[in-house]
Number of protein chains: 2
Amino acid sequence: MTSDLQAKSKRPARRKPDNRKVLEDGSSRHPAVEPGGVELGDLADMTGYALRRAQIALFEDFRRTVGKIGLRPAQFSVMIVIHRTPGLKQTEVANALGIQRTNFVAMVNELERLGWVERRALDRRSHALHLTKAGQSKLSEALAIERKQEALYDRILGPGERLKLLDMLRRLQVGIETV
Amino acid sequence: MTSDLQAKSKRPARRKPDNRKVLEDGSSRHPAVEPGGVELGDLADMTGYALRRAQIALFEDFRRTVGKIGLRPAQFSVMIVIHRTPGLKQTEVANALGIQRTNFVAMVNELERLGWVERRALDRRSHALHLTKAGQSKLSEALAIERKQEALYDRILGPGERLKLLDMLRRLQVGIETV
DNA sequence: TATTGTTATACTCTATAACTATA
DNA sequence: TATAGTTATAGAGTATAACAATA
């Protein structure tokens with residue numbers, strides 16, 4: 001799967017035959033091929049690409065499940081943080097989640113409009129964020145649904161594997177951010 | 001880390017003290033805390049969130065490195081597929097990468113404008129995509145940089161772990177998409 | 001009739017600059 | 001002077017509908 005790029009490959013004109021190997025050991029060595037039968041080439045071995053496709057799949061799964069009760073992923077994450085530590089300021093929540101405070105304003109506006117979050121004046125320039133009763137019950141619903149999906153991921157990956165995945169993802173993220 | 005949500009927690013007013021445990025075994029049990037010291041709560045154990053943050057970190061890394069020579073992630077992926085199988089039609093490449101053909105038009109326009117990709121008429125309604133010489137050398141440069149980053153990810157994760165991560169990501173993606 | 005490429009459009013997410021009022 | 005919130009704005013990325021030309 002290395003790329004002899006500059007080698008001016010005397011490649012047959014178009015669409016080379018499908019030589020994909022089926023490995024003997026039955027391990028899930030990727031097919032490196034998408035539905036249409038088109039090969040992904042070097043892309044199939046790249047961490048960032050695998051990460052992107054998996055993340056898209058999980059977000060779509062979120063929208064299909066938790067999304068059914070009207071929560072988007074970002075809103076869900078905000079409500080979890082506020083529930084965990086009531087009274088945080090907007091900037092604190094935004095920073096914790098990697099959201100810019102300028103984009104966070106509209107988000108809180110919408111969550112307030114939906115009646116799930118409220119701003120309480122801390123002093124005259126900062127707001128403490130809290131979940132309303134409705135927000136707490138909405139979050140509770142969402143967490144229950146999400147827990148079921150995590151169970152699905154557990155079954156897909158096999159025993160103990162999901163926790164290993166979480167650990168690797170965090171190590172990778174932290175490792176890259178601190179280089 | 002379970003959420004006693006409906007339990008109407010008689011939680012102390014604000015900002016509970018930092019009770020995070022440092023595990024004895026030195027394993028990388030996540031801190032569940034972001035830079036500002038704000039806890040992520042249930043979010044810290046969710047696959048989708050870990051995936052999202054890791055993916056953002058890797059894309060930023062991509063922009064810092066491969067991005068330096070003027071390629072964005074999506075352009076990179078398109079050029080890899082075209083290089084792997086020259087002569088594919090627009091729709092084929094777009095499908096393989098999960099891009100809608102309607103959004104793919106502007107992408108190919110830009111890649112053509114940059115002189116890296118060319119459309120060749122197959123018949124009078126479909127175009128075969130090919131890399132130009134400049135496109136091949138640009139891709140070659142990009143692949144070399146990307147390979148170095150993969151080596152970094154290898155070092156961060158430890159021996160053999162990156163391949164295990166790739167395998168888990170693909171199994172998770174396929175598992176979710178085929179439910 | 002189905003396919004291929006295309007335009008137009010809209011919505012979300014994200015990024016930057018600049019402003020206000022407060023501490 | 002620095003901070004918290006805000007507005008305006010622009011750019012990606014992504015989604016749908018509709019259309020023309022062609023197979």
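In what follows, every chain begins at residue 1, and chains take the letters A, B, ... in the order their sequences are listed.
Side chain to side chain, T47(B) and E150(A) meet the donor-acceptor criterion of an N or O pair below 3.5 Å.
Nucleotides of DNA chain D nearest to N109(A) and R72(B) differ in position, and the one nearer the 5' end is that of N109(A). Taking for each of D123(A) and I99(A) the nucleotide of DNA chain C with the nearest heavy atom, the 5'-most of the two is the partner of I99(A).
dT20(C) atom P lies 17 Å from atom CZ of R124(A), rounded to whole Å. As a whole-Å value, the separation of F104(A) CZ from dT7(D) P is 15 Å. To the nearest angstrom, P of dG5(D) lies 7 Å from NZ of K89(A). With rounding to whole Å, F59(A) atom CZ is found 15 Å from dT12(C) atom P. Computed from coordinates, the Q90(B) CD to dG5(C) P distance equals 5 Å when rounded to whole Å. Residue L88(B) contributes atom CG, which lies 14 Å from atom C1' of dT4(C) at whole-angstrom precision. Nucleotide dT12(C) holds its P atom 12 Å from the CE atom of M107(A), rounded to whole Å. Taking atom CD1 of residue I56(B) and atom C1' of nucleotide dA12(D), one finds them 14 Å apart after rounding to whole Å.
Note on R101(A): a base of the nucleic acid sits closer than 4.0 angstrom, heavy atoms only. Using a 4.0 Å heavy-atom distance criterion, Q100(B) is classed as a base contact.
In this model, no side-chain donor or acceptor of T102(B) finds a partner on the base of dT14(D) within 3.5 Å. Applying the 3.5 Å distance criterion, the base of dT4(C) shares no donor-acceptor pair with the side chain of R125(B). Checked by distance alone, N103(B) brings a side-chain donor or acceptor within 3.5 Å of a matching partner on the base of dA15(D). Judged by distance alone with a 3.5 Å cut-off, no donor-acceptor contact links the side chain of S126(A) to the base of dT3(D).
In this structure, of dT6(C), dA4(D), dT14(C), it is dT14(C) that holds the atom nearest to the side chain of R52(B).
Between R101(B) and E92(B), none of the side-chain N atoms (NZ, or NE/NH1/NH2) sits under 4.0 Å from a carboxylate O, so this pair counts as no salt bridge. A salt bridge links E118(A) with R120(A): at least one charged nitrogen is closer than 4.0 Å to a carboxylate oxygen. The existence of a salt bridge linking R64(B) and D61(B) is confirmed by a sub-4.0 Å separation between a basic side-chain nitrogen and an acidic carboxylate oxygen.
Each of L163(B) and L169(A) belongs to its own hydrophobic cluster when Ile, Leu, Val, Met, Phe, Trp and Tyr are linked at side-chain heavy-atom distances under 4.5 angstrom.
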